[in-house]
2 protein chains.
Amino acid sequence: MFVRIATDRSPRPNSLRDFGMTSDPNTIVSLSEFTYRKGTEVYGEKEPAEYVYQVKVGAVRSYKLLTDGRRQIGAFHLPGDIFGLENGGAHRFTAEAIIDTTVHLIRRQSLEMVAKSDAMVAKNLFGMTTANLHHAEEHMLLLGRKTSLERVAAFLLEMDTRLTAADVIALPMSRRDIADYLGLTLETVSRALSRLHEFGVLGFIGNTQRQIVLLDRVKLASFDLQN
Amino acid sequence: MFVRIATDRSPRPNSLRDFGMTSDPNTIVSLSEFTYRKGTEVYGEKEPAEYVYQVKVGAVRSYKLLTDGRRQIGAFHLPGDIFGLENGGAHRFTAEAIIDTTVHLIRRQSLEMVAKSDAMVAKNLFGMTTANLHHAEEHMLLLGRKTSLERVAAFLLEMDTRLTAADVIALPMSRRDIADYLGLTLETVSRALSRLHEFGVLGFIGNTQRQIVLLDRVKLASFDLQN
DNA sequence: CGGGCTATTGACGTCAGTCAAGCGGGGTGG
DNA sequence: CCACCCCGCTTGACTGACGTCAATAGCCCG
């Protein structure tokens with residue numbers, strides 16, 4: 001299968017046809033595939049939303065920046081996740097590939113056309129927006145009121161349910177990404193992980209520090225006070 | 001007009017008829033009115049969502065609690081605002097009247113029935129959910145990355161656009177409510193307001209401390225770094 | 001007039017941030 | 001093949017912004 005790798009911002013209008021994966025005329029929704037290299041931007045905040053994306057392999061971060069560079073990551077998008085879905089016409093986050101990432105992409109316009117006639121599709125879109133809202137609401141509680149240890153514990157529990165195969169969490173993102181997701185600094189995240197390690201809640205394996213073994217999920221959960 | 005005042009949790013099922021405002025048989029959506037006294041709960045988190053509410057007069061806070069009592073207010077609902085709209089079956093916040101508050105209420109079920117047949121209504125519901133999502137996304141940035149002064153400035157700017165008649169902001173909520181909305185303590189909010197006062201950005205009028213005059217909107221905006 | 005509630009202000013404490021050093025793995029180039 | 005460098009992470013020492021605790025003042029209401 002011929003797949004082009006993005007080195008800068010892609011896909012650009014009319015580039016879909018380039019790698020021969022646009023829909024045939026009988027398909028209503030064009031489903032294409034594209035790969036973004038580690039660190040490349042999928043779309044920028046306030047750009048018109050032309051596509052909706054689904055992660056096939058890889059990981060994506062969605063974030064907002066303040067003028068002085070402070071960054072808040074609103075969500076991580078992992079395999080299976082759909083992102084870039086906007087009701088208004090413009091993206092409200094910048095999205096970047098954390099690691100090399102392959103996505104399916106669908107023209108927003110096609111999707112809206114289908115949704116207009118197919119109530120089931122419309123309902124699904126509504127459901128996705130609702131799920132995003134739920135996530136944001138929980139995250140406000142975390143950002144506004146939880147301690148650093150609670151935030152990191154909550155993060156690990158979230159990642160555990162979202163990307164674990166077996167009992168090893170293979171984090172695609174750096175400590176800085178985690179910090180910007182949790183409203184902390186990378187040092188504080190690192191210290192919290194070390195403390196959880198000392199407590200016997202988790203272990204590190206492999207030669208990178210991004211593979212985490214959960215040794216005691218119950219104890220880990222006790223560090224996040226939930227609501 | 002006969003309107004009952006809630007002293008505890010209301011309305012209870014079948015209580016709508018009590019004050020004679022349920023819809024006549026020709027109206028599809030039943031539109032009733034109800035008043036909650038200051039401090040009373042409109043609904044609790046995880047309760048089944050039976051009604052959708054619109055503030056007529058007053059103000060409502062929506063919040064989540066951690067087990068140890070830490071509170072995060074997710075939104076304030078002011079006259080005209082619709083709240084309690086859930087896609088799933090249960091409320092995800094507790095809602096309380098901040099001051100005596102009169103709401104219109106609509107049975108969720110009726111609303112869903114109408115939405116099923118009327119695409120315009122469905123679109124509006126989707127739009128409200130999207131607006132809530134936008135608000136939550138902006139608030140994550142505030143909670144995760146802004147300083148106390150920036151948060152308070154952002155809060156005043158939000159309230160200015162949402163409830164000002166003339167150039168006086170008449171805040172219905174206490175310093176504690178503001179603090180729990182901004183992820184701060186009430187003392188920090190008070191200090192930030194004092195600083196903004198010193199800077200000549202705002203003044204207080206009246207005998208309560210909840211009436212604020214914006215003297216310099218431009219300068220105020222410069223305290224919130226926006227994105 | 002008194003009690004309770006809310007807000008302000010000050011003194012002090014603490015948790016997370018800042019700054020900096022050092023470690024270790026991976027990749028590159030000599 | 002090895003040496004070096006770069007990058008991400010950890011850890012320590014110190015700082016600082018915000019939280020905590022407490023005193024006081026003003027307002028509201030009975």
Side-chain angles (χ1 to χ4, degrees), chain A residues 38-39 61 66 68-72 98-99 142-156 169-198 202-212 223 225, chain B residues 37-39 59 61 66 68-72 98-100 142-153 155-156 169-198 202-212 223 225:
Chain A
K38 175 179 172 172
R61 59 182 167 242
L66 295 176
D68 62 359
R70 280 173 285 173
R71 183 177 70 158
Q72 179 62 44
I98 295 174
I99 51 179
L142 179 149
L143 293 170
R145 287 299 177 219
K146 290 186 181 178
T147 66
S148 62
L149 200 59
E150 290 167 346
R151 293 180 201 209
V152 172
F155 170 74
L156 290 173
I169 307 178
L171 298 173
M173 71 290 283
S174 69
R175 298 291 188 263
R176 170 164 293 280
D177 287 337
I178 300 172
D180 286 349
Y181 180 59
L182 299 178
L184 300 169
T185 60
L186 63 92
E187 291 94 332
T188 299
V189 170
S190 181
R191 279 185 245 270
L193 287 171
S194 296
R195 287 183 65 191
L196 291 172
H197 188 169
E198 286 168 26
L202 56 83
F204 297 93
I205 58 170
N207 26 27
T208 84
Q209 293 94 322
R210 295 196 191 175
Q211 304 227 81
I212 292 175
F223 282 104
L225 239 29
Chain B
R37 270 212 192 293
K38 176 179 173 171
R61 57 183 168 242
L66 294 176
D68 62 358
R70 279 174 286 172
R71 183 177 69 158
Q72 179 62 45
I98 296 174
I99 51 178
D100 291 359
L142 179 149
L143 293 171
R145 288 299 177 219
K146 290 187 181 178
T147 66
S148 62
L149 200 59
E150 290 167 347
R151 295 180 200 208
V152 172
F155 170 75
L156 290 173
I169 307 178
L171 297 174
M173 72 289 283
S174 69
R175 297 291 187 262
R176 169 164 294 279
D177 286 336
I178 299 170
D180 286 349
Y181 179 59
L182 299 178
L184 300 169
T185 59
L186 63 91
E187 291 93 334
T188 299
V189 171
S190 182
R191 280 185 245 269
L193 286 171
S194 296
R195 287 183 65 191
L196 290 172
H197 187 173
E198 286 167 27
L202 56 83
F204 298 93
I205 57 169
N207 26 27
T208 83
Q209 293 94 323
R210 297 197 189 174
Q211 304 227 83
I212 291 174
F223 283 104
L225 237 30

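Labels below follow one simple rule: chain letters A, B, ... track the order of the sequence lines, proteins then strands, and each chain is numbered from 1. The shown structure was predicted, so the numbers you read here are calculated from the model rather than taken from an experiment.
Side-chain nitrogen and oxygen atoms of A:Arg176 include none within less than 4.0 Å of the OP1 or OP2 phosphate oxygen of D:dG8. The side chain of B:Arg175 contributes an N or O atom lying less than 4.0 Å from OP1 or OP2 of C:dT8.
Per the geometry, CG belonging to B:Leu186 stands 15 Å off C1' belonging to C:dG10, to the nearest Å. Whole-Å rounding puts the A:Glu198 CD to D:dT10 P distance at 12 Å. Atom pair A:Lys38:NZ and C:dG26:C1' shows a separation of 11 Å (rounding to whole Å applied). Atom pair A:His197:NE2 and D:dC9:C1' shows a separation of 14 Å (rounding to whole Å applied). Atom CD1 of A:Ile212 and atom C1' of D:dC9 are 12 Å apart (whole Å). Rounded to whole angstrom, the span from the CZ atom of B:Arg70 across to the C1' atom of C:dC15 amounts to 13 Å. When the P atom of D:dC9 is taken as reference, atom CE of A:Met173 falls 11 Å away, rounded to whole Å. Between the CD atom of B:Gln209 and the C1' atom of C:dT9 there is a distance of 13 Å, rounded to whole Å.
Between B:Lys38 and B:Asp100 there is no salt bridge, since no side-chain N of the basic residue sits under 4.0 Å from a carboxylate O of the acidic one.
Scanning both residues, A:Tyr181 and A:Leu143, for their nearest heavy atoms gives O-CD2, 3.8 Å. Across every non-hydrogen atom of A:Arg176 and A:Arg71, the tightest pair is CG-NH2, 3.7 Å. Annotation for A:Thr147 and A:Glu150: closest pair N-OE1, 2.9 Å, computed over non-hydrogen atoms. When all heavy atoms of B:Arg145 and A:Ala179 are compared, the pair lying nearest together is NH2-O, 3.3 Å.
In this structure the side chain of B:Phe223 never reaches within 4.5 angstrom of the side chain of B:Val152, judged on heavy atoms. Using a 4.5 Å heavy-atom cutoff, the side chains of A:Leu182 and A:Lys146 are not in contact.
Here the side chain of A:Arg210 is nearest to one of C:dT6, D:dC9, D:dT10, namely D:dC9. The nucleotide whose nearest atom lies closest to any side-chain atom of B:Ser174 is, among D:dT10, C:dT6, C:dT8, C:dT6.
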Could you tabulate the donor-acceptor pairs under 3.5 Å formed by side-chain atoms of residues 184-192 of chain A, not counting sequence neighbours?
residue, atom, partner, partner atom, Å
A:Thr185, OG1, A:Thr188, N, 3.3
A:Thr185, OG1, A:Thr188, OG1, 3.1

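To the nearest 0.5 angstrom, B:Leu142 atom CG is 12.0 Å from B:Leu225 atom CG.
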Which atoms of nucleotides 28-30 of chain D (N or O only) lie under 3.5 Å from a protein N or O atom, and what are those distances?
none

Contacts under 3.5 Å, N or O only, protein and nucleotides 18-22 of chain D:
residue, atom, partner, partner atom, Å
D:dC18, OP1, B:Ser148, N, 2.9
D:dC18, OP2, B:Ser148, OG, 3.0
D:dG19, OP2, B:Thr185, N, 3.2
D:dG19, OP2, B:Thr185, OG1, 3.1
D:dG19, OP2, B:Thr188, OG1, 2.4
D:dT20, O4, B:Arg191, NH2, 2.8
D:dC21, N4, B:Glu187, OE2, 3.0

